[in-house]
2 protein chains.
Amino acid sequence: MPAQPIPPAIPEAGPSFSPLYRQIKGLIIAGLQGGEWKAGESIPSEIELAQRFGVSQGTVRKAIDELAAENLLVRRQGKGTFVATHAEQQQQYRFLRLMPDEGQDPGLGRQLLDCKRQRAPAWIAKQLQMRAGDAMVEVRRLLHSAGRPVVLDDIWLPGNLFKGLTTERLSQHRGPFYGLFETEFGVHMIRAQEKIRAVAADAETAALLQVAEGTPLLSVERLSFTYGDKPVELRRGLYNTSTHFYRNDLN
Amino acid sequence: MPAQPIPPAIPEAGPSFSPLYRQIKGLIIAGLQGGEWKAGESIPSEIELAQRFGVSQGTVRKAIDELAAENLLVRRQGKGTFVATHAEQQQQYRFLRLMPDEGQDPGLGRQLLDCKRQRAPAWIAKQLQMRAGDAMVEVRRLLHSAGRPVVLDDIWLPGNLFKGLTTERLSQHRGPFYGLFETEFGVHMIRAQEKIRAVAADAETAALLQVAEGTPLLSVERLSFTYGDKPVELRRGLYNTSTHFYRNDLN
DNA sequence: GAGTGGTCTAGACCACCAC
DNA sequence: TGGTGGTCTAGACCACTCA
């Protein structure tokens with residue numbers, strides 16, 4: 001009697017078959033994760049990658065297509081394929097959905113309020129997959145539009161990934177934080193989840209945003225991930241939506 | 001002296017070159033728009049479409065790939081390619097991003113409050129590309145979770161597209177409104193824009209949502225489009241976010 | 001087993017960019 | 001002019017569904 005194949009202890013939910021182009025995709029992600037190509041740089045041409053991996057150009061192309069659709073890579077005809085970055089003009093504030101009621105450009109100014117190292121409380125540690133009490137960096141800042149404060153951000157980062165992060169470093173830097181994180185700490189934010197609620201401004205928040213206590217604010221809690229679905233930033237923004245709104249496109 | 005080519009009066013922003021697969025895509029969209037294939041039905045196979053349009057299967061495939069990425073079509077291996085619909089279990093509430101703090105499934109109950117024909121005020125007419133005073137249908141309803149009201153929706157529809165829409169018709173129908181709109185009125189919602197704000201509950205809203213007046217609520221204003229970027233629904237939802245949140249994924 | 005979508009290949013040619 | 005990504009084709013074979 002032939003031996004029965006051993007069934008897996010837990011029924012697998014994953015795909016039973018992995019096409020070649022997905023394996024190639026995994027190899028390219030590994031290169032990105034390992035720092036073989038840095039943010040803003042070009043990766044090798046499709047033909048070169050095809051030769052390296054021993055597959056056809058079309059297979060590499062399909063792998064890159066998916067990575068471009070996920071905004072990990074950017075294709076530029078005639079020039080090459082580049083590692084996506086948050087530092088460029090066009091990609092600035094890629095994750096910020098705040099829009100002014102009038103006009104197009106957010107055009108926001110930044111004001112750093114605080115940056116200190118703390119021990120992570122349990123509710124933050126859990127989301128960042130750390131242990132309660134682990135080292136953590138806490139940043140607080142305001143975003144201004146036309147001179148008026150619109151957003152109050154609290155940002156929490158794992159201390160071990162952002163060792164040299166100081167108030168000085170942050171205030172000297174131009175452009176979005178995520179650009180600094182890429183160049184200085186090698187941390188790429190590639191994906192995020194936001195939980196949005198309406199809350200009432202407490203006294204401290206009201207003072208900072210120059211609104212009355214109890215004013216309804218948009219609470220935007222964002223958990224950002226790097227390669228391998230590893231959470232590396234927790235952020236809570238409080239938005240004054242009297243002159244701005246959060247824009248979302250559905251399809 | 002050779003004649004100069006005449007420059008366009010307005011510099012064209014559009015693409016100077018339209019590949020074959022985009023033209024095929026346009027033909028398929030025209031078929032969808034014209035009702036050749038209805039919501040939930042299958043479209044002809046790739047091979048059949050390739051013969052009909054006189055191109056290779058690969059070209060049809062690329063056109064369908066884009067339409068599937070935009071959620072206009074759904075591919076099912078071994079079965080065929082189907083016109084996307086809001087009426088199916090898996091696709092139910094495709095545009096609703098509300099999630100409970102505990103658990104996964106929203107599991108919402110519906111309560112129809114009102115449905116009447118009105119003349120469109122200017123601010124609604126403008127967004128629906130109608131004239132102020134044109135016929136309009138106004139619907140008001142509540143969504144409940146575990147017996148408690150969570151969402152108050154006001155929905156405005158162009159009167160000429162929804163001629164037979166009555167309270168009876170709406171209350172008898174099971175499943176999402178968008179499913180009814182597809183089957184009864186041939187209107188497919190394929191895309192939407194949302195503007196999200198935090199607002200304070202007024203007296204009437206507070207009573208309906210069973211919260212205190214002034215409670216912060218999420219205001220979600222949604223403009224939905226059908227084929228050809230034609231706006232066909234304006235909706236304003238007021239969400240009580242004490243036990244639920246609006247979820248958004250960024251990448 | 002027939003029909004569907006999904007993968008992979010090889011090759012030709014086009015559009016765009018930089019030198 | 002050469003290199004890059006972008007399009008299009010033709011054909012082989014694989015995975016999935018259903019009768």
Side-chain angles (χ1 to χ4, degrees), chain A residues 5 11-28 31-32 37 40-85 88 90, chain B residues 5 11-28 31-32 37 40-85 88 90:
Chain A
E12 303 242 354
S16 54
F17 161 74
S18 179
L20 195 47
Y21 75 88
R22 276 201 197 281
Q23 302 174 38
I24 303 301
K25 185 183 172 187
L27 291 173
I28 296 174
L32 293 168
W37 315 295
E41 290 179 4
S42 72
I43 69 170
S45 74
E46 294 176 352
I47 293 174
E48 197 177 328
L49 287 173
Q51 288 168 346
R52 181 191 302 192
F53 297 135
V55 299
S56 78
Q57 187 186 353
T59 300
V60 170
R61 171 159 271 276
K62 189 148 189 182
I64 293 178
D65 278 344
E66 287 205 356
L67 291 167
E70 296 167 17
N71 292 311
L72 287 189
L73 297 176
V74 178
R75 320 190 74 141
R76 288 190 207 131
Q77 184 173 122
K79 299 175 78 172
T81 302
F82 299 78
V83 182
T85 172
E88 288 173 16
Q90 292 196 344
Chain B
E12 303 244 354
S16 54
F17 161 74
S18 179
L20 195 46
Y21 76 87
R22 275 200 199 280
Q23 302 175 38
I24 302 301
K25 184 183 171 187
L27 292 173
I28 296 174
L32 292 168
W37 315 294
E41 290 179 5
S42 72
I43 69 170
S45 73
E46 294 176 352
I47 293 173
E48 197 177 329
L49 288 173
Q51 288 169 347
R52 180 190 303 191
F53 297 136
V55 300
S56 78
Q57 187 186 353
T59 300
V60 170
R61 171 159 272 277
K62 187 148 189 181
I64 293 179
D65 278 345
E66 286 204 357
L67 292 167
E70 295 168 17
N71 291 313
L72 287 189
L73 296 176
V74 177
R75 320 191 74 143
R76 290 192 203 129
Q77 183 173 117
K79 298 175 79 171
T81 302
F82 298 79
V83 182
T85 171
E88 289 173 15
Q90 293 197 344

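If you're wondering where the values come from, they're calculated on a predicted model, not measured in any experiment. Chain A is the first sequence line, chain B the second, and so forth, proteins listed ahead of strands; every chain is numbered from 1.
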J.: Sort by first number and list every stem of DNA chain C: at least 3 consecutive Watson-Crick or G-U wobble pairs, both distances under 3.5 Å.
T.: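 Stem list for DNA chain C: C:1-18 with D:1-18.
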J.: Let me confirm one number: the CD-CD distance from A/Gln57 to A/Gln51, rounded to the nearest 0.5 Å.
T.: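 Here the rounded value is 10.0 Å.
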J.: What verdict does the side chain to side chain contact (heavy atoms under 4.5 Å, CB included) test give for A/Leu32 and A/Leu73, after you've listed the backbone C-alpha separation in whole Å, the side-chain angles of each residue and the deciding distance to 0.1 Å?
T.: CA-CA 10 Å; A/Leu32 293 168; A/Leu73 297 176; 4.2 Å; yes
J.: Is there a side-chain contact between A/Ile64 and A/Ile43, using heavy atoms and a 4.5 Å cut-off?
T.: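 With C-beta onward as the side chain, the pair touches.
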J.: Take A/Leu20 and A/Phe53 through the test side chain to side chain contact (heavy atoms under 4.5 Å, CB included) and record every step on the way to the result.
T.: CA-CA 10 Å; A/Leu20 195 47; A/Phe53 297 135; over 6 Å; no
J.: About how many Å separate CD1 of A/Ile24 and CD of A/Glu66, when rounded to the nearest 0.5 Å?
T.: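 CD1 of A/Ile24 is found 12.5 Å from CD of A/Glu66.
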J.: Can you find a heavy atom in the side chain of A/Asp65 that is under 4.5 Å from one in the side chain of A/Arg75?
T.: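 Yes. Closest side-chain heavy atoms under 4.5 Å.
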J.: Measure CD/B/Gln23 against P/D/dT7 and give the value in whole Å, please.
T.: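 After rounding, the reported distance stands at 12 Å.
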J.: CD1 of B/Ile47 to CZ of B/Arg52: how many Å apart, nearest 0.5 Å?
T.: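 Atom-to-atom, B/Ile47:CD1 and B/Arg52:CZ are 14.0 Å apart.
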J.: Tell me whether the OP1 or OP2 atom of D/dT7 has a side-chain N or O from B/Thr59 closer than 4.0 Å.
T.: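 Checking B/Thr59 against D/dT7: no side-chain N or O falls below 4.0 Å of OP1 or OP2.
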J.: Could you list all N or O pairs between the protein and nucleotides 2-6 of chain D that sit under 3.5 Å apart?
T.:
from: D/dG3; atom 1: N2; to: A/Gly78; atom 2: O; distance (Å): 3.0
from: D/dT4; atom 1: O2; to: A/Gly78; atom 2: N; distance (Å): 3.3
from: D/dG5; atom 1: OP1; to: A/Thr81; atom 2: OG1; distance (Å): 3.3
from: D/dG5; atom 1: OP2; to: A/Glu46; atom 2: N; distance (Å): 3.0
from: D/dG6; atom 1: OP2; to: A/Arg61; atom 2: NH2; distance (Å): 3.0
from: D/dG6; atom 1: OP2; to: A/Arg75; atom 2: NE; distance (Å): 2.8
from: D/dG6; atom 1: OP2; to: A/Arg75; atom 2: NH2; distance (Å): 3.4
from: D/dG6; atom 1: O4'; to: A/Gln77; atom 2: NE2; distance (Å): 3.3

J.: Does A/Ser18 offer a backbone N or O that forms a donor-acceptor pair with the side chain of A/Gln23 under 3.5 Å?
T.: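 It does hold such a pair.
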J.: Calculate the interatomic distance between A/Phe17 atom CZ and D/dC16 atom C1'; express it in whole Å.
T.: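 Computing the A/Phe17:CZ to D/dC16:C1' distance gives 11 Å.
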